[in-house]
Student: 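Below you'll find the structure I mean.
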Amino acid sequence: MMNLPPEIIEKIFLELCLSETISTPHRRDPRLLVSWVCSQWRAIALATPSLWANIRIPIDSPSSHDYIRTWISRSAQSALSVVFYGPAHSATPSTEIFDLIVPQAIRRCASLKLCINEPTLKRLFTLPPGSLRALRSISIRPIPSRHKIYSIPYITAFQQCPWLHRVTFTFEADNLDLAYLNLPWHQLTYLDVSSCSLLEYECLDVLRQCIALQECNISAFTTPLRDLERIETLSISPVVLPSLHTLCLDLSRPSFRTSLSPPCRMLPMFQYLLSGTISHLTLGGLPWI
């Protein structure tokens, strides 16, 4: 292998290291191991910024901070894929991790996954507009805590994200109205809110803004009759999604939000949802097209 051209060794390193599940930087990380074999391999590894561009960051583990600084430095100007996670029970965000990652790397994050407590999520949500300018994909799964996201005065982090096209949410909508996120809904091509507790008319309100949507995974729950009667007195405009080709719609699960409400029935969503390009349709987990 020592006689292989450097570009071939570089590709082998990328296949070896990036095929691994993104893990917290540590001494046994394969990216460090290959850089310790010999001077040639070390030179190739250090000259390959994309090798260091995937980073999993625990917000409550100071012992990993030196490694994280190394990863960020060696990634040069590469687009980053960052996972923030933990802790489950801390009520305050880690100030040190924001001092570490936000100034150096947040503007280069193309993919961002957040599995963190809500106080830390608030800190990210209130970043200045333009901080996530390179963002293309975001996944948000808050760890439950006593603190509610809706106490944030105004969410600014998703303003000026011209490349953001993929959004996944995994949390209860009781904690946050999706519209409150101030996302660039009009440019999204992929949306997964299948784990949120949305009522049918709330689904329509979200989808109405996603005019470029191509793939959608969404759950809609039964609507209380008292709300449905009010809705039916309004003139509901159609939801037109001309590019939508894949729709997974779950209408079957009961909603904890309506379990104690007056009697419920289904709002006929397809009456309002218009798309002539759907080629894959799944209803309640069963394929229809």
Student: Do W163 and V167 belong to the same hydrophobic cluster, where Ile, Leu, Val, Met, Phe, Trp and Tyr are linked whenever their side-chain heavy atoms lie under 4.5 Å apart, directly or via other members?
Tutor: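 They do not share one cluster, since no chain of ILVMFWY contacts under 4.5 Å joins W163 to V167.
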Student: Are the side chain of S35 and the backbone of A45 linked by a donor-acceptor contact shorter than 3.5 Å?
Tutor: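 It does not hold such a pair.
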Student: To the closest 0.5 Å, what do you measure between CG (L124) and CG (L112)?
Tutor: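 These two atoms lie 7.0 Å from each other.
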Student: Hey, does Y67 have a side-chain heavy atom less than 4.5 Å from the side chain of L32?
Tutor: yes
Student: With no hydrogens and no angle check, is any side-chain donor or acceptor of R108 less than 3.5 Å from a backbone partner on S78?
Tutor: yes
Student: Would you say the side chain of L188 lies within less than 4.5 Å of the side chain of L164, judging by non-hydrogen atoms?
Tutor: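 Result yes, sub-4.5 Å side-chain heavy-atom pair found.
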Student: Apply the side-chain contact (heavy atoms from CB on, under 4.5 Å) test between I12 and each candidate in I44, L4, V34; give the one that qualifies.
Tutor: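 For I12, the side-chain contact (heavy atoms from CB on, under 4.5 Å) check succeeds only for L4.
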Student: In the structure I gave you, are the side-chain heavy atoms of L80 and S75 within less than 4.5 Å of one another anywhere?
Tutor: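 Touching, per the 4.5 Å side-chain cut-off.
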Student: Could you pull out all residues at least two apart from D192 that satisfy side chain to side chain donor-acceptor pair (under 3.5 Å)?
Tutor: S194
Student: Please table the atom pairs, donor to acceptor, closer than 3.5 Å between any side-chain atom in residues 239-249 and protein atoms at least two apart or in another chain.
Tutor:
none

Student: Counting only N and O atoms by type, is there a donor-acceptor contact under 3.5 Å from the side chain of Q187 to the main-chain atoms of C210?
Tutor: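 No, Q187 side chain to C210 backbone: no donor-acceptor pair under 3.5 Å.
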Student: Considering only heavy atoms from C-beta outward, does the side chain of I138 approach that of F158 to under 4.5 Å?
Tutor: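 Yes, at least one pair of side-chain atoms sits under 4.5 Å.
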Student: Looking at every heavy atom in both A79 and A53, which two are closest together, and how far apart are they?
Tutor: O-CB, 3.4 Å
Student: Assigning hydrophobic clusters by single linkage (Ile, Leu, Val, Met, Phe, Trp, Tyr; side-chain heavy-atom cutoff under 4.5 Å), is I140 placed with Y190?
Tutor: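 No, because I140 and Y190 fall into different hydrophobic clusters, even though each may have its own neighbours under 4.5 Å.
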Student: Does some side-chain heavy atom of Q159 sit less than 4.5 Å from a side-chain heavy atom of N182?
Tutor: yes
Student: May I ask you to decide if the ring planes of W71 and W52 are parallel, tilted or perpendicular, using 30° and 60° as cut-offs?
Tutor: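 Rings of W71 and W52: perpendicular, over 60°.
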Student: With rounding to the nearest 0.5 angstrom, report the CZ to CG distance, R31 to N54.
Tutor: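 Separation between the atoms: 6.0 Å.
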Student: Applying the 4.5 Å side-chain criterion to the ILVMFWY set and letting contacts propagate, would I8 and V37 be lumped into a single cluster?
Tutor: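 Yes, because I8 and V37 connect within a single hydrophobic cluster, where side-chain heavy atoms sit under 4.5 Å apart.
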Student: Could you measure the distance from the CD atom of Q209 to the NE2 atom of H186? Nearest 0.5 Å is fine.
Tutor: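 Going from the CD atom of Q209 to the NE2 atom of H186 covers 10.5 Å.
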Student: Evaluate V206 against V193 for side-chain contact (heavy atoms from CB on, under 4.5 Å), listing each step before the verdict.
Tutor: CA-CA 10 Å; V206 170; V193 288; 5.7 Å; no
Student: Could you state the interatomic distance from CZ (R42) to CH2 (W36), rounded to the nearest 0.5 Å?
Tutor: 9.0 Å
Student: State the NE2-CD distance between H165 and Q214, to the nearest 0.5 angstrom.
Tutor: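 It comes to 9.5 Å.
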Student: Look at the side-chain heavy atoms of Ile, Leu, Val, Met, Phe, Trp and Tyr, link any pair under 4.5 Å apart, and say whether L51 and W41 land in one connected group.
Tutor: yes
Student: With no hydrogens and no angle check, just 3.5 Å: does a side-chain donor-acceptor pair link R166 and S111?
Tutor: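 No, no side-chain donor-acceptor pair sits under 3.5 Å.
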Student: In terms of hydrophobic clusters joined by side-chain contacts under 4.5 Å, are I211 and L183 together?
Tutor: no
Student: Distance from I218 atom CD1 to L191 atom CG, nearest 0.5 Å?
Tutor: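 If we round to the nearest 0.5 Å, I218:CD1 and L191:CG are 6.0 Å apart.
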Student: Just so I know, are the side chains of V82 and I57 near enough to count as touching, which here means a heavy-atom distance under 4.5 Å?
Tutor: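 They are in side-chain contact.
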